[in-house]
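Worksheet for the structure shown next.
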Amino acid sequence: MPPRDVLVVLFDDVQSLDVTGPLEVFAGAGLCVPGAYRVRTATLDGGPVRTSSGLRITPDLALPDAAPLDTLLVPGGPGTGDPDPRLVDWLRTQAPRARRKVSVCSGAFLLAAAGLLDGHRATTHWALCDALADRFPGVEVDAEPIFIRDGDLATSAGVTSGIDLALALVEEDLGREVALPVARHLVVFLRRPGNQTQFSAQLAAQTAERPPLREIQHWITEHPAADLSVDALAARCGLSPRHFARAFRDEVGMTPGRYVDRVRLEAARRLLEDTTDGVERVSRRCGYGTPEAMRRAFVRALGTGPAEYRRRFRPHQQTA
């Protein structure tokens, strides 16, 4: 087969990891299957750009010289905040020629500005999802997944999720037997499912201002199997259940029950990823009590059960 052309769009203040992460994935796949991909970078005029970290990148060509593409990849970075109108125009007219359009992090803003995400599900970095939804009401923004596939469009969350998405594309193109050695070489997992949440319970929540509430947040994280009812947590803080629940919600930004749910889910995910403990033992260690209770929590939050989650996250491991 002829090589699949992958074009990475560059602009000033691009996030360098958004560029190099996926690029390393496609390049690694090309080592496993010589000639599988031809990866090139391009700017509007063919001149070099400076990334948000100060790294200077010289592109392979100018965007007007790009031939019909297999995959168009648009990275993110501060430069997406006030993009060159010529770049948006190029995306609007030329991106539809590509077989698939991919964005990493805030690169979704460029695709949206070009009208390519209207009527589609999309994601971006969790801190920017509200802004994306406000600026582009025609886009169905989902802040939870690390990446979303919607037809010929694929959008991903912050930085490292671009690697996850690129691995998913390689697996789609060339099979798991190619994507797996690439993932191992990069010391990443093949592969986090796209519907895995992009932030932890701690990142999703605010840190309480009052020391007793901050301490109870840490205690919950360290003791997911404990009695984490409102009454028990309130007693540890020396507050009435009603006062505790109200103060926790006001300072943390979610109810105690919602926070406990997220902490337990995160703890279970990590045990499934990092240990060979069976599902029954994981459910006990994380406070679910029964495997069925944990399965319901996984399906509700991630759209997949614990066993399937483990298989997809650790495909090279023999699990119990």
Side-chain angles (χ1 to χ4, degrees), residues 123-131 133-134 141-146 157-161 192-193 195-307 309-310 313:
T123 193
T124 186
H125 190 286
W126 63 268
L128 301 174
C129 283
D130 286 345
D134 289 343
V141 179
D142 189 341
E144 286 282 340
I146 59 172
V159 190
T160 57
S161 62
R192 290 191 290 174
N195 58 2
Q196 181 179 328
T197 184
Q198 63 170 290
F199 41 71
S200 68
Q202 287 71 34
L203 287 177
Q206 305 170 68
T207 300
E209 295 181 4
R210 281 181 275 184
L213 294 178
R214 284 202 306 271
E215 291 168 8
I216 205 67
Q217 283 183 273
H218 295 312
W219 193 87
I220 291 170
T221 302
E222 294 170 357
H223 302 86
D227 178 359
L228 301 181
S229 64
V230 169
D231 287 350
L233 295 174
R236 293 191 67 87
C237 287
L239 301 172
S240 72
R242 184 175 180 180
H243 184 190
F244 167 77
R246 183 173 62 250
F248 192 97
R249 183 181 64 249
D250 290 345
E251 294 196 21
V252 179
M254 63 180 68
T255 65
R258 178 63 171 154
Y259 188 79
V260 168
D261 287 345
R262 292 199 172 197
V263 167
R264 282 178 167 157
L265 183 69
E266 184 176 349
R269 282 171 35 212
R270 287 178 175 169
L271 288 175
L272 290 171
E273 296 160 11
D274 299 336
T275 75
T276 58
D277 287 353
V279 170
E280 184 172 356
R281 177 169 168 76
V282 171
S283 67
R284 292 197 306 268
R285 290 181 64 182
C286 298
Y288 287 108
T290 67
E292 177 58 24
M294 186 170 78
R295 189 193 70 80
R296 289 197 300 268
F298 267 67
V299 170
R300 183 170 60 249
L302 302 176
T304 189
Y309 178 89
R310 170 176 268 172
F313 200 94

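- For R285, the salt bridge (charged side-chain N to carboxylate O under 4.0 Å, His left out) partners two or more places apart in sequence, or in a different chain, are D277.
- The salt bridge (charged side-chain N to carboxylate O under 4.0 Å, His left out) search around R214 returns none, not counting sequence neighbours.
- In this structure a side-chain-to-backbone donor-acceptor pair under 3.5 Å is present from T123 to D142.
- Ring geometry for F244 versus F248: interplanar angle of 30 to 60°, hence tilted.
- Taking all atoms of both residues into account, the shortest heavy-atom contact from I220 to Y259 is CD1-CD2, 4.0 Å.
- Taking the salt bridge (charged side-chain N to carboxylate O under 4.0 Å, His left out) definition, one finds that R284 meets it with E280, sequence neighbours left out.
- Judged by distance alone, with hydrogens and angles left aside, the side-chain atoms of E251 form no donor-acceptor pair with the main-chain N or O of L213 at under 3.5 Å.
- Every residue two or more places apart in sequence or in another chain was checked for a side-chain contact (heavy atoms from CB on, under 4.5 Å) with A225, and none qualifies.
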Evaluation steps, side-chain contact (heavy atoms from CB on, under 4.5 Å), between T275 and R310: CA-CA 10 Å; T275 75; R310 170 176 268 172; 3.9 Å; yes
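- Nearest heavy-atom pair, L265 versus A297, reported as atom, atom and distance to 0.1 Å: CD1-O, 4.3 Å.
- Considering only heavy atoms from C-beta on, L271 comes within 4.5 Å of C286 through its side chain.
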Steps toward salt bridge (charged side-chain N to carboxylate O under 4.0 Å, His left out) verdict (E266, R270): CA-CA 6 Å; E266 184 176 349; R270 287 178 175 169; 2.6 Å; yes
Solution key, residues 233-242 side-chain donor-acceptor pairs under 3.5 Å, sequence neighbours excluded:
| from | atom 1 | to | atom 2 | distance (Å) |
| --- | --- | --- | --- | --- |
| S240 | OG | H243 | N | 3.1 |

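- In this structure E292 satisfies the salt bridge (charged side-chain N to carboxylate O under 4.0 Å, His left out) test together with R295, R296, sequence neighbours excluded.
- Among residues two or more places apart in sequence or in another chain, the side chain to side chain donor-acceptor pair (under 3.5 Å) test is passed with D227 by S229.
- Residue pairs meeting the ring pair (Phe, Tyr, Trp, His ring centres under 6.0 Å) criterion with at least one partner in residues 263-289, sequence neighbours excluded, are absent.
- Side-chain atoms of R264 and L228, non-hydrogen and from C-beta on, do get closer than 4.5 Å to each other.
- Atoms CD1 and NE2, from I216 and H223 in turn, are 10.0 Å apart once rounded to the nearest 0.5 Å.
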